[in-house]
Structures are given as C-alpha cells and as structure tokens.
Amino acid sequence: MDVLGCICAFLTGLELILLRRVCKSSLTFVDEYMHRVLTVDRIFSPFFTSQQIVELRRIQAVTNFVVSGSAAVQFFERVGYPNSDLDLYVEERHRSGLTLFIEQSGYEFKNIPSKSTCISTISLPQSNCKKINDEEQNVNSWDGRNAAVALSFEKKSSFSQPRKIQVIASANNVVTNILSFHSSSWVILPLFVSLTISNLAVIMNIITYHAAIAFFPVSSFHRHQTLVSIKLTS
C-alpha cells in the first residue's frame, strides 16, 4: 500500500470526504481508495468463496435481505474483527431460499439437534406469536412488534474457529426490526417509571443490494460514540 493509502486507512469517513474536497487529485485518489476498500466482497469473503458470493448477491437482489450487526460496522470502519459472525436479516417469505443456499455452501444448521433435519422444511411462527416453544420449534426467538426468529449456522474451519452465520427471519419489514430491537430493554425505577433504553446505536447500519446505510454516521464512525435513547412512560 502506498503512503496516501496508509494515510486514508487512518482517516474516518468524514475526514475522507473532507480530503476528497481539497483538489482534483485528492478527489480522484479518495474515490479510487473508497472503491477499493468499500466492497461487500470483503465482508462476505470470510464466509463464502468468490463464486458463492456472486450467487449470494443474486439472492440478495431477489430477496432484499440486508446485512447488519458487526459485519456492517466492519464495512464502514474498513476493518476486520477476528471470529466475528455474519448477520443476515430477511423477510420470512424469502427465508427458505436464503437458508437453503447457506446449507448448500457447507454450513450446518445448529439450532436443531438432528443433523439430518433441513432448515428449509421448518415452519416458522406468525407475527402475532408471543412465545415459541424451543423444544417444539427448535429455533430461538424474541418478542417484538415484528416477530423474528434467529437461525444459526456454523461451518468448521481448520485454520480458525467455526464460521457463524445468523439469519434473522421476520414477519414484516426487516429494517423496522433492526431499529426496534437492537439492545432494547425495560428498566423499572423505584418511582415506578419505565425506561425504554435503546443502546448500541453504533450497530444500527444496514447493507442492501444497492447501498450501505449508516443511521448515525458521525457519532458512530467519526466520534466513535454510541447513542442511548430513553423513552419515559408512566
């Protein structure tokens, strides 16, 4: 990597934009640098081969699944976290095709004790379900305005820890789920006032087929601060 490339690696996204405005030369260089490093192939490559990534991108174009969690943070930060997982959010109506592709790519569904069971045959709950019996459904779930089910996959690696992919299938819009349940909890105060605390806004980012979106770009990737949203209810 050349000197300017090394310098860019230490700049935040906002600083890169400012550098891009200095002159025509810096504009060209920064554009080339961002085109080189801001690629979803870098996010998918630890989990899939080059040919599999092409097929995964085709599936993303059809199903509109989004990438979020730590993988999206790594994309915007232009870094790689060792042994991190890949979180894919998809609507339930498109879940079967995505999970079937993941299984065909060598991953094993870990929520089911029986290795012979295929996740593509599992029937997931409807959006009005309050609770799922894990022993009957063999899936992990949580409550919310849009019910969602987390499906875990693992692939053994001889060079590192097993690669992990989590598919979050929701009954409705996946972005609504990402914005509503990331690190949300209820706290009861002595004065009987309920606080809804939404923390870790830094991971509220998505990567779609067409674009990568950071909901709090300055605080998350320039100031490196997380946001805490508090809602008071009586």
Side-chain angles (χ1 to χ4, degrees), residues 9 13 16 30-110 118-122 124 146 148-157 159-179 182 202-215 217 220-221:
L16 285 174
V30 172
D31 283 350
E32 292 177 351
Y33 169 80
M34 296 179 71
H35 180 76
R36 184 171 67 251
V37 299
L38 294 179
T39 169
V40 292
D41 288 1
R42 185 169 52 85
I43 301 300
F44 291 142
S45 59
F47 303 91
F48 301 100
T49 65
S50 298
Q51 292 181 343
Q52 290 171 344
I53 292 176
V54 174
E55 178 63 16
L56 181 63
R57 291 285 286 163
R58 187 194 68 80
I59 295 175
Q60 187 177 24
V62 174
T63 64
N64 293 318
F65 78 78
V66 302
V67 181
S68 189
S70 61
V73 174
Q74 294 174 76
F75 176 86
F76 285 105
E77 286 281 66
R78 293 161 282 139
V79 297
Y81 302 147
N83 303 320
S84 63
D85 58 0
L86 179 65
D87 296 333
L88 306 178
Y89 292 75
V90 65
E91 291 186 20
E92 159 58 14
R93 60 195 176 107
H94 297 306
R95 180 262 312 170
S96 180
L98 177 59
T99 54
L100 181 61
F101 167 78
I102 293 174
E103 285 186 320
Q104 292 175 343
S105 299
Y107 286 84
E108 179 183 356
F109 182 55
K110 302 303 292 184
C118 179
I119 182 58
S120 58
T121 64
I122 292 180
L124 297 186
N146 292 324
V149 178
L151 310 172
S152 298
F153 299 83
E154 287 188 9
K155 183 178 183 180
K156 294 182 178 179
S157 174
F159 302 101
S160 60
Q161 295 184 4
R163 293 295 184 185
K164 298 180 180 180
I165 298 177
Q166 191 172 56
V167 176
I168 297 88
S170 60
N172 298 308
N173 186 276
V174 295
V175 177
T176 301
N177 270 331
I178 293 173
L179 295 179
H182 259 317
V202 67
I203 59 176
M204 288 189 182
N205 315 285
I206 60 173
I207 301 175
T208 70
Y209 178 78
H210 298 285
I213 303 171
F215 293 103
S220 298
F221 304 113

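Quick note: residue numbers are just sequence positions, from 1. This structure is a prediction, so every number in the text was calculated from the model and none was measured.
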Inset, instruction - Scan for salt bridge (charged side-chain N to carboxylate O under 4.0 Å, His left out) pairs involving residues 47-59, sequence neighbours excluded, and state none if there are none. - result: E55-R58
Inset, instruction - Indicate yes or no: at least one non-hydrogen side-chain atom of I206 is less than 4.5 angstrom from one of Y89. - result: no
Inset, instruction - Side-chain contact test, heavy atoms from C-beta onward, threshold under 4.5 Å: evaluate it for L98 versus L88 and give yes or no. - result: yes
Legend entry - Side-chain touch I102/L151, heavy atoms, less than 4.5 angstrom: no
Legend entry - Side-chain donor or acceptor of S170 paired with backbone N/O of E91 under 3.5 Å: no
Legend entry - Spacing of R163 atom CZ and K156 atom NZ [to the nearest 0.5 Å]: 16.0 Å
Legend entry - Qualifying residues under side chain to side chain donor-acceptor pair (under 3.5 Å), relative to S84, sequence neighbours excluded: Q74
Inset, instruction - Verify, without hydrogens or angle tests, whether S220 (side chain) and P217 (backbone) share a donor-acceptor contact under 3.5 angstrom. - result: no
Inset, instruction - Working to the nearest 0.5 Å, report the span between CZ of F76 and CG of N205. - result: 5.5 Å
Legend entry - From H94 atom NE2 to S96 atom OG, the distance as rounded to the nearest 0.5 Å: 11.5 Å
Legend entry - Rounded distance [0.5 Å steps], CZ in F153 versus CD in E108: 10.5 Å
Inset, instruction - Can you see which heavy atom on S152 is nearest to which on Q166, and at what distance? - result: OG-NE2, 3.8 Å
Legend entry - Reported CG-to-OG distance for the pair N83 and S70, which is rounded to 0.5 angstrom: 11.0 Å
Inset, instruction - Taking Q60 for its side chain and I207 for its backbone only, find out whether a donor-acceptor pair lies under 3.5 Å. - result: yes
Legend entry - Y107 (side chain) donor-acceptor with F47 (main chain) under 3.5 angstrom: yes
Inset, instruction - Flag yes if more than 12 heavy atoms outside F101 fall under 6.0 Å of its CZ atom; otherwise flag no. - result: yes
Inset, instruction - Identify the heavy atoms of V90 and V174 that sit nearest to each other, and give their distance. - result: C-CG1, 3.4 Å
Legend entry - Among D87, L86, T99, D85, the one residue meeting side-chain contact (heavy atoms from CB on, under 4.5 Å) with I165: L86
Legend entry - Qualifying residues under ring pair (Phe, Tyr, Trp, His ring centres under 6.0 Å), relative to F75, sequence neighbours excluded: none
Legend entry - Non-hydrogen side-chain atoms of K164 and E154 separated by less than 4.5 Å: yes
Inset, instruction - Considering non-hydrogen atoms only, spot the tightest contact between E92 and A171 and give its length. - result: CB-CA, 4.5 Å
Inset, instruction - With the side chain counted from C-beta on, respond yes when D31 and H35 share a heavy-atom pair under 4.5 Å apart, and no when they do not. - result: no
Inset, instruction - Please report the C-alpha distance between V66 and I178 in whole Å, then the side-chain angles of each, then the deciding distance to 0.1 Å, and finally whether the side-chain contact (heavy atoms from CB on, under 4.5 Å) criterion is met. - result: CA-CA 10 Å; V66 302; I178 293 173; 3.8 Å; yes
Legend entry - Enclosure of K155 NZ (heavy-atom neighbours >12, cutoff 6.0 Å): yes
Inset, instruction - Please name the pair of heavy atoms, one in L16 and one in M34, separated by the smallest distance, quoted to 0.1 Å. - result: CD1-CG, 4.5 Å
Legend entry - Heavy-atom closest pair, residues G97 and I59: O-CD1, 4.5 Å
Inset, instruction - Give the minimum heavy-atom separation between A71 and I43, together with the two atoms involved. - result: O-CD1, 3.4 Å
Legend entry - Side-chain heavy-atom pair F65, V167 within 4.5 angstrom cut-off: no
Inset, instruction - For the pair F221 and V73, evaluate side-chain contact (heavy atoms from CB on, under 4.5 Å) and give the outcome as yes or no after the intermediate values. - result: CA-CA 9 Å; F221 304 113; V73 174; 4.1 Å; yes
Inset, instruction - Nearest 0.5 Å please: distance from the OG1 atom of T63 over to the CZ atom of R93. - result: 9.5 Å
